[in-house]
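Just so you know, ligand 1 is whichever comes first in the structure, and atom 1 is the first atom listed for that ligand. All residue numbers in this chain count up from 1 along the given sequence.
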Amino acid sequence: MTKALYLVDSYLKESDAIVVSVTDGKYVVLDQTIFYPKGGGQPSDTGQMAKDAKVFDVVYVGKFSGEISHEVDRAGLQVGDKVHLILNWQRRYKLMRSHTAAHALASLLNQGTDALITGNQLEEDHVRFDFSLEKFDRELLEGYVEKTNRLFGTDVSVKWYDLPRDEAMQIPGVVKMAGAFPPDIPVLRIVEIVGVDRQADGGTHVRNLKEVGKIELLKTENKGKSNRRLYFKLS
Ligand SMILES: [Zn+2]
């Protein structure tokens, strides 16, 4: 099983690794990785994998039957190769800021209106956010974005840690995704915005709300009371 270094330290930009398997020449499994595999609404990381002077582009990272598989742009890597991993940090850092921003906004919206998140998708340049909400108007949502932005101006830590499943499930609102239950595993990873929100989550986040900066509401869409949608971006 690949050691997922990004779960422990989301700020790792480079690391070494050893090639454990190669499929069809370009799907590479490593002993450890800093690359986040697509999942939970967060897109995969991209970057590079270097063996000596040979540099391979990492174009996609996914989880297949529990294994983290790195798709590289061409063949040439072999089992046992020692490689150096370099993350496209600019992209990842934006995704981290967006992901933490989405949790904060979801939390304030949930606390203020009982809205449940029904879906969310982070992209490098915007976030799509689906939720259920009785009352729906742009002004109301602008208000929540503004409230969330005020929070981003304050010094609030973000932490992540594992909790036994039973203990985690006692946390009110630990699952905000409508109809979603965390995987049936004995330990859940919790992302905590201290004093604001605790959420079962496998994504990568910033360590302090100040790092988010500000967000901007781009667009709202009304698809019925159980399906409202908004788009925001980092500004
Ligand atoms: Zn999340």
*Under the side chain to side chain donor-acceptor pair (under 3.5 Å) rule, collect the residues that match up with Asn227, sequence neighbours excluded.*
none
*Considering residues at least two apart in sequence or located in another chain, which fulfil the side chain to side chain donor-acceptor pair (under 3.5 Å) criterion with Thr204?*
Gln42
*Flag the pair Glu142 and Arg138 as a salt bridge only when some basic side-chain nitrogen lies within less than 4.0 angstrom of an acidic carboxylate oxygen.*
yes
_Atoms of the protein (N/O/S only) found under 2.8 Å from the Zn ion (ligand 1)_ = His99 NE2, His103 NE2, Asp201 OD1
*asked:* Once rounded to the nearest 0.5 Å, what's the spacing between atom NZ of Lys159 and atom CD1 of Ile190?
replied: 12.0 Å
*asked:* In terms of relative ring orientation, are Trp160 and His205 parallel, tilted or perpendicular, with 30° and 60° separating the classes?
replied: tilted
Pairs of donor and acceptor atoms involving the side chains of residues 54-62, under 3.5 Å and at least two apart or interchain, shall be tabulated with distances.
none

